[in-house]
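Here the structure is laid out as structure tokens; the discussion comes afterwards.
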Amino acid sequence: MKELKGKVAAVTGAASGLGRSMALAFATEGMDVALADVDDRNLNSVENEIQNLGVRAIALKMDVSRGEQVEAFRDQAITRLGGVHVVCNNAGVSPLGAAWECSVADWQWTLGVNLWGVIHGIRAFTPHLIAQNEGHIVNTASVSGLISPPGASAYNVTKHAVVTLSETLHHELREKNSRVGVSVLCPAYVSTGISNSERNRPKDLPASERSAETLARQAMLKKAVASGKITADQVAQAVVAAIKEERFYILTHARIKGAIQARMEDILEGRAPRDPMKL
Ligand SMILES: NC(=O)c1ccc[n+]([C@@H]2O[C@H](COP(=O)([O-])OP(=O)(O)OC[C@H]3O[C@@H](n4cnc5c(N)ncnc54)[C@H](O)[C@@H]3O)[C@@H](O)[C@H]2O)c1
């Protein structure tokens, strides 16, 4: 999509971090924005920030893991803003833990938000974009969708799944000769609320007890996220550019490419995978 001005963007996880920055970047481009998040207090202040930029914004408190709520979000955006052109399936959570240490509730929560949230977004919005033969879908994965850092099993599973879901969706749309584009966003550390995502955990999916190792890793993650060199606003600018240039992969952190290459080489050479955190 070359021209964004006057179009409509729908962003999930818009109350904080990357979602908030993407929503503001779209508004700066002259787009109206539909915002969704479980955190309605912060969502409402983002709605105000966007309205102050002179475009229309609507905000809906919703849970992306619930298909009917994502469909209601689509319906609200279309009814109140007149359509949707750019969809960012972005909401995410990142509890840590080894594969055996995560409880069923940990797995369900992480898959529900990070994977089902994207699946519901694709199912709800893609037919609308195909029908208007214009639009772009941006799915937020992570570098953890391209490499497998230890201690984050559930997170890695969801992010790898979002990468292949996005690649497959891209092929499916090309097969139909649709003009709807797809991008997958794969950042490394960016200073946002992601290392504090327990704040969003539903009460009926309680956390399992964490090992000392996981607690230490959690502290390291907090530090790494807080000291991320690339800002959420810079990531949002990369997303805007990718939509305009119709670029599929959005890799914001060049230094991580060595670890991705190492993984590919290990696969092709038939070697056991090297630990990407030790390369
Ligand atoms: N920050 C990083 O270092 C980083 C790196 C790679 C990928 N990501 C991905 O970026 C995306 C955005 O995360 P962020 O870094 O901005 O973190 P963040 O915590 O600042 O923002 C995530 C937003 O998602 C919302 N959310 C959580 N559960 C939800 C649900 N069930 N339904 C609706 N909204 C929900 C939160 O309230 C929050 O506003 C996530 O998918 C994350 O995995 C982040």
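Read the numbers this way: they start at 1 and go in the same order the structure lists the ligands and their atoms.
Here D37 does not pair with R20 in a salt bridge; the nearest charged N to carboxylate O distance is not below 4.0 Å.
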Can you give each donor-acceptor pair under 3.5 Å made by side-chain atoms of residues 221-230, sequence neighbours left out, with the distance rounded to 0.1 Å?
{"from": "S227", "atom 1": "OG", "to": "K223", "atom 2": "O", "distance (Å)": "2.8"}
{"from": "S227", "atom 1": "OG", "to": "A224", "atom 2": "O", "distance (Å)": "3.4"}

Side-chain atoms of residues 77-85: list all donor-acceptor pairs with protein atoms under 3.5 Å, sequence neighbours left out, distances to 0.1 Å.
{"from": "T79", "atom 1": "OG1", "to": "D75", "atom 2": "O", "distance (Å)": "2.6"}
{"from": "R80", "atom 1": "NH1", "to": "Q76", "atom 2": "OE1", "distance (Å)": "2.8"}
{"from": "H85", "atom 1": "ND1", "to": "V8", "atom 2": "N", "distance (Å)": "3.0"}

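Environment of CZ in R66: sparse, with no more than 12 heavy atoms of neighbouring residues, nucleotides or ligands closer than 6.0 Å.
Sequence neighbours left out, the pairs with a member in residues 50-60 that pass side-chain hydrogen bond (donor to acceptor under 3.5 Å, both in side chains) are D32-R56.
Under the 4.5 Å side-chain criterion, counting only non-hydrogen atoms from C-beta, S153 is in contact with W107.
Near ligand 1, residues G13, A15, S16, G17, L18, D37, V38, D39, M62, D63, V64, N90, A91, G92, V93, V113, T140, A141, S142, Y155, K159, P187, A188, Y189, V190, T192, G193, I194, R199, N200 each place a heavy atom inside the 4.0 Å sphere around the ligand atoms.
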